[in-house]
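Only one structure is covered here, and it is reproduced in the block below.
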Amino acid sequence: MPQAFSKIPKISYDGPSSRKDLSFKQYNPDELVEGKTMKDHFRFSVTYWHTFRGQLSDMFGVGTAVRPWEDGSNSVGMAQKRARVAFEFMEKLGVPYYAFHDRDVAPEGRNLKESNRNLDSVVKVLKQEQKRTGIKLLWGTACLFAHPRYVHGASTSCNADAFAYAAAQVKKAMEVTHELGGEGYVFWGGREGYSTLLNTNLKREMDHLAAFLHMAVDYKKKIGFKGQFYIEPKPKEPTKHQYDSDAAACLNFLREYDLLKHFKLNLETNHATLAGHTMQHELEVAIAADALGSIDANMGDILLGWDTDQFPTDIYLAAQVMLSILRMGGFTTGGTNFDAKVRRESFEPEDLFHGHIAGMDTFARGLKIAAAIRKDGRIGDFLKQRYASWDSGIGEKIEKRKVGFKELETYALKLGEVRTNKSGRQEWLESLFNQFV
Ligand code: XLS
Ligand code: NI
Ligand code: NI
């Protein structure tokens, strides 16, 4: 048993007035909100790639992370030890889930066979640790963007060999996700996009992406994996244009290629903002299509135009997110996955705890605010009232498709003018929202 965090106590709920740094002020796992525990509302998850593989490097400098348990090697032995450290961390933090890419947990070998063997050696440890702690896998995925073989993309590469290699890699990643009892599997676009249309056959690449996903659906059935498949939209970075650019683009793609019944969306806050949307917009678009599965909780910086993947600390934003999620009825297979990394300046192991505590407390506040807004009912009532003209009369007839343009012309001629518009009351609503924050 490694003791990488011997100086850190088990993080527990200490209440809003506590002055103890390493404790939750808001997140109280067993507290009931709308009849469900906070633990079950969020299904918090730690991402392996940021928390255990992130070196805190940037374009201008090497990594600053101090991780005393690392021996500097990329060996299988180190990967196994790191896996135990990861579970020690998650146990102390008290999160029920984690998520990984195949290559986060085990090193790439000299060939696929060796890579698969490496993965098996680490999966053995992950399985033991899951059993020991009760912590579960929210979702698994494959890294199809780091290795030079994927320079032109994976399933959308101009090179069919890259497609084949990626398929083999996803096959294995699905198998280990299944073996670990993973509740889902994520497809994030990686390098599935383009840098210039001068060298890109867009239609052919999209067809290949769809073929790839159909093969994944077939294989899922074949191995009896019951977890949920997700697509994670992102508009750019690393490519100039990613095919899965936002929720609407993903839904359209899934519908066009007859994949919608097999996939839900995993929405990430910072990806929404990169796409020029709010997270709430993305959530509502997905919910409208009954396709919201899970979220990657983080946030960006309004002054920076890239995926900064910061821990979510914006209470207002968390309240908006939780309002949508409560209205949807909560997560089933999905959860709140912290696809977030501490800043380069926050290089000590303790900062990993502070980042997650900040995120969990922020979401807990957001949940309580959203529940209070729903209990108060005024915003909900306003919304209902705003659409009252559709509940009876001509509105009801339109919704039920009982009338067409001809009947509506007759109606409009009789109407004379539209005189029943009421104020949208945006400022009043925003002020009302603030009363709960
Ligand atoms: C990158 C994505 C990635 C996915 C998993 O921007 O957020 O981390 O969540 O492949
Ligand atoms: Ni993500
Ligand atoms: Ni991201």
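Counting starts at 1 for both ligands and their atoms, following the listed order. Counting begins at 1 with the first residue of the sequence.
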**Prompt:** Are the aromatic rings of Phe145 and Tyr150 close, with centres under 6.0 Å apart?
**Reply:** no
**Distance flag, aromatic centroids of His241 and Tyr194, threshold under 6.0 Å** =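 Yes - the distance between ring centres of Tyr194 and His241 falls below the 6.0 Å cut-off.
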**Request:** Please state whether the rings of Phe52 and Phe89 are parallel, tilted or perpendicular, taking 30° and 60° as the class boundaries.
**Result:**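 Perpendicular: the ring planes of Phe52 and Phe89 meet at over 60°.
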**Asked** In terms of the angle between their ring planes, are Tyr257 and Phe253 parallel, tilted or perpendicular, with boundaries placed at 30° and 60°?
**Response**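 It falls in the tilted class, 30° to 60°.
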Where does ligand 1 get N/O contacts under 3.5 Å from the protein, atom by atom?
| unit_1 | atom_1 | unit_2 | atom_2 | d |
| --- | --- | --- | --- | --- |
| ligand 1 | 6 (O) | Lys234 | NZ | 2.9 |
| ligand 1 | 6 (O) | His271 | NE2 | 3.1 |
| ligand 1 | 6 (O) | Asp307 | OD2 | 3.1 |
| ligand 1 | 7 (O) | Glu232 | OE2 | 2.7 |
| ligand 1 | 7 (O) | Glu268 | OE1 | 2.7 |
| ligand 1 | 7 (O) | His271 | NE2 | 3.3 |
| ligand 1 | 7 (O) | Asp339 | OD2 | 2.8 |
| ligand 1 | 8 (O) | Trp49 | NE1 | 3.3 |
| ligand 1 | 8 (O) | Asp339 | OD2 | 3.0 |
| ligand 1 | 9 (O) | Glu232 | OE1 | 2.7 |
| ligand 1 | 9 (O) | Glu232 | OE2 | 2.9 |
| ligand 1 | 9 (O) | Asp296 | OD2 | 2.9 |
| ligand 1 | 9 (O) | Asp339 | OD2 | 2.9 |
| ligand 1 | 10 (O) | His101 | NE2 | 2.7 |

**Minimum heavy-atom distance between Leu126 and Tyr98, given as atom pair plus value** = CB-OH, 3.8 Å
**Shortest non-hydrogen contact between Ile231 and Cys250, atoms and distance** =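 Smallest heavy-atom distance, with atoms named: CG2-SG, 3.6 Å.
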**Request:** Determine which pairs satisfy salt bridge (charged side-chain N to carboxylate O under 4.0 Å, His left out) with at least one residue from residues 103-112, sequence neighbours left out, and list them in order.
**Result:**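 The answer is Arg103-Glu108, Glu108-Arg149, Arg110-Glu114.
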**Asked** If you check every N/O/S atom of Asp307, which is the one nearest the Ni ion (ligand 3)?
**Response** OD2
**Complete:** Note on the Ni ion (ligand 2): protein N/O/S atoms within less than 2.8 Å are Glu232 OE2, Glu268 OE1, Asp296 OD2, Asp339 OD2
**Message:** Treating Glu183 as the side-chain partner and Trp139 as the backbone partner, does any N or O pair qualify as donor plus acceptor under 3.5 Å?
**Reply:**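 Side chain of Glu183 to backbone of Trp139: no pair is present.
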**Asked** What's the spacing between His50 NE2 and Lys341 NZ if we round to 0.5 Å?
**Response** 5.5 Å
Please set out all donor-acceptor pairs under 3.5 angstrom arising from side-chain atoms of residues 323-338, sequence neighbours excluded.
| unit_1 | atom_1 | unit_2 | atom_2 | d |
| --- | --- | --- | --- | --- |
| Ser324 | OG | Glu284 | OE2 | 2.6 |
| Arg327 | NH1 | Glu284 | OE1 | 3.3 |
| Arg327 | NH1 | Glu284 | OE2 | 3.4 |
| Arg327 | NH2 | Glu284 | OE2 | 3.4 |
| Thr333 | OG1 | Tyr230 | OH | 2.9 |
| Thr336 | OG1 | Phe42 | O | 2.9 |
| Asn337 | OD1 | Ser45 | OG | 2.7 |
| Asn337 | ND2 | Asp296 | OD1 | 2.9 |

